[in-house]
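What's counted below: heavy atoms across the whole structure, side chains too, no hydrogens, waters or symmetry copies. Please read these numbers as outputs of a predicted model, since none were measured by experiment. The residues of the chain are indexed from 1 along the displayed sequence.
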Amino acid sequence: MTQTLTRPTDAFTLDAAIAKFGAAKVLRAALFALITRGPKPRALDADALSDYLRADIGLGPAEPPPEPWSFLR
């Protein structure tokens, strides 16, 4: 069974935004959004991932496993 909630929706249109905030604020916000840039994306580096995440995406471990005879000491 799926529950469906009926709520009054507030349609977002440019006319509604101008009526609510004013034309100057809407224009200023639109220009600001066009001019400013978001944060610079970081470079992807697989070496920084843990071995579990590396295995999830199909990579081998970052460091080779220890030699078996090193456990016999």
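- With rounding to the nearest 0.5 angstrom, the CG atom of Asp47 is 6.0 Å from the CZ atom of Arg54.
- Atoms CG and CG, on Leu49 and Asp56 in that order, are 10.0 Å from each other to the nearest 0.5 Å.
- Other residues, nucleotides and ligands contribute more than 12 heavy atoms inside 6.0 Å of the CD1 atom of Ile57.
- Ile18 and Leu27 sit in two unconnected hydrophobic clusters of ILVMFWY residues. Membership requires side-chain heavy atoms under 4.5 Å apart, directly or through other members.
- Taking both residues in full, the closest heavy atoms of Asp51 and Pro61 are given as OD1-CA, 3.6 Å, listed atom of the first, atom of the second, then distance.
- In plain terms, the two heavy atoms of Ala46 and Leu59 that are nearest each other are CB-CD1, 3.9 Å.
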